[in-house]
Peer 1: 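I'd like to ask you about the structure that follows.
Naming: A, B, ... by sequence-line order, numbering from 1 per chain. These values consider heavy atoms only, across backbone and side chains, with no hydrogens, waters or symmetry-generated copies.
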Number of protein chains: 2
Amino acid sequence: MTPFNLKPIRKERTLRSDVVEQLKEAIINGDLPPGTKLVESQLSALLGVSRGPLREAIRQLVDQNLIESIPYTGTYVANISVKAIQELYSFRTELEQFAFKLIWDKRDKAFQEELKLQLKKLTSAIKDNDRESAIFEELELHNVVYKHCGHELLEQTWQRLRGRLHLYFTLHQKAHNRAGPLLDAHDRYLELALGDDLNAMLEHITEHMQQGYNKVEQFVSEIKSNTL
Amino acid sequence: MTPFNLKPIRKERTLRSDVVEQLKEAIINGDLPPGTKLVESQLSALLGVSRGPLREAIRQLVDQNLIESIPYTGTYVANISVKAIQELYSFRTELEQFAFKLIWDKRDKAFQEELKLQLKKLTSAIKDNDRESAIFEELELHNVVYKHCGHELLEQTWQRLRGRLHLYFTLHQKAHNRAGPLLDAHDRYLELALGDDLNAMLEHITEHMQQGYNKVEQFVSEIKSNTL
DNA sequence: TATTTGTAGATTGTTAACAATCTTACTGTT
DNA sequence: AACAGTAAGATTGTTAACAATCTACAAATA
């Protein structure tokens, strides 16, 4: 048979996977604020799905730290805390430094172009004042690195953190109604990522993350003290 | 009321959690070799549980990379590969170096004593020629570090890798019927971990992991070529 | 005989009813 | 009024039956 350029189709559409997507989206968007109690019967009715697939979806989101579950008691949208943010940012720093160490000598044209393209998308979204897109594109920029370094375990770990990070960005944006954290000074990031000084890049990541942490930490402290 | 030093009790005993434990145990022990097809009806009958909780348990184990699942097709005990081992060991190196960087200035008496105790347990298990225990205690030794550095996200990530690592150790042991990887030369590990040269410790971790990787990689290559 | 096509059985996905557990509000007692 | 006990309602955990999908084998065709 003539070998068409056909890839085997991904057959992983199931109610569970759809529910995971929708719930994740709702949490990340802030439609379901942290602490919200998720009642299975209500949710399943809302989604038009029975409780079986819903419960399986919940298990997956618990593993992504987006939902907390207490047996026989209830499941809640994960709460935020200064410590959790601290951990997320310090961990991210290590992950991304590792990613760059892995990719450094393998940075091909495709990688460089995709990184440039992604920065354009981000810049454009910021100029258009489209906050939601800006957050997404910011995450996509970092995603390019993880995607290209060819380390599945690392990428998987990054994906697990990504949702939580997205949530923080959204909350920050909603709280201040201005551009989320880290939406500027990405030019230097790109410059170093395409340059030839690995150590400078690694140091920049530490600073980059530190800045992001400061912004997010600050507003979470505010929220927490307001809530009391 | 007199404030007793009581922690809120963990109430998380459910069929799902029991199934997770049992399945994990069976995979890690090698009772369910890599590639084994897991048929839900058979498993549920075997465990005396209906398919609902079983399926939820499977979701959790998929997230720990111990099971692979293809919708409408089947779930299988995760296969092993040289690349997966490579990734696991390189990632472990980063995680454990991060852990030591975190804990270094906070190493208290409790930490030091627990580390010493754990090494004793490991040494004792090796002397008794109790392979199964030796593997467990080896993992417990590293676990002490993650437990004490007070970084939940890091510990969580370690726990997710631990099962997979345990599986490799078991397979190695079964293949060669001799002591698993890394069961010697832990004295130096302890010495450095209690010493005051962080860089030496970090370097040692790299070597330590490299040795472990070499042993595991070698025998997996053998297995793979024999299977063909 | 080799290839294709159809069909039956097996297996996973989904649902809805049932059981166990928890929460809350009410009642009675001191 | 404060507290313990209790019962009703709500919610999660579990089960078993039903539907959708896939796989493997056999019949049909060349």
Peer 1: If you count heavy atoms of other groups shown closer than 6.0 angstrom to NZ of B:K83, is the number above 12?
Peer 2: yes
Peer 1: Mind checking what makes ring-ring contact (aromatic ring centres under 6.0 Å, His included) contact with A:H148, not counting sequence neighbours?
Peer 2: A:F111
Peer 1: My understanding is that only residues two or more places apart in sequence, or in another chain, count here; which of them pass salt bridge (charged side-chain N to carboxylate O under 4.0 Å, His left out) with A:E25?
Peer 2: none
Peer 1: In residues 43-50 of chain B, which ones come under 4.0 Å of DNA chain D, going by heavy atoms?
Peer 2: B:V49, B:S50
Peer 1: So, B:R55 and B:S44: side-chain donor and acceptor under 3.5 Å apart, yes or no?
Peer 2: no
Peer 1: Compute the angle between the rotation axes at the two ends of the helix from C:dT1-D:dA30 to C:dT30-D:dA1, each taken over five pairs, rounded to 10 degrees.
Peer 2: 0°
Peer 1: What does nucleotides 5-13 of chain C look like as a protein-contact string, B for base, S for sugar-phosphate only, - for none, at under 4.0 angstrom between heavy atoms?
Peer 2: -------BB
Peer 1: Between A:D18 and A:R13 (salt bridge meaning N to carboxylate O under 4.0 Å), is one present in this structure?
Peer 2: yes
Peer 1: Indicate whether any N or O donor in one side chain lies under 3.5 Å from an N or O acceptor in the other, for B:N214 and B:Q218.
Peer 2: no
Peer 1: Is any NZ, NE, NH1 or NH2 atom of the basic residue among A:E137 and A:K121 found under 4.0 Å from an Asp or Glu carboxylate oxygen of the other?
Peer 2: no
Peer 1: Indicate yes or no: does A:K116 engage A:E113 in a salt bridge with an N to O separation below 4.0 Å.
Peer 2: yes
Peer 1: Tell me, please, which residues at least two apart from B:R162 pass side-chain contact (heavy atoms from CB on, under 4.5 Å).
Peer 2: B:F136, B:L139, B:E140, B:N143, B:W158, B:Q159
Peer 1: Could you measure the distance from the OH atom of A:Y146 to the CD1 atom of A:I103? Nearest 0.5 Å is fine.
Peer 2: 11.0 Å
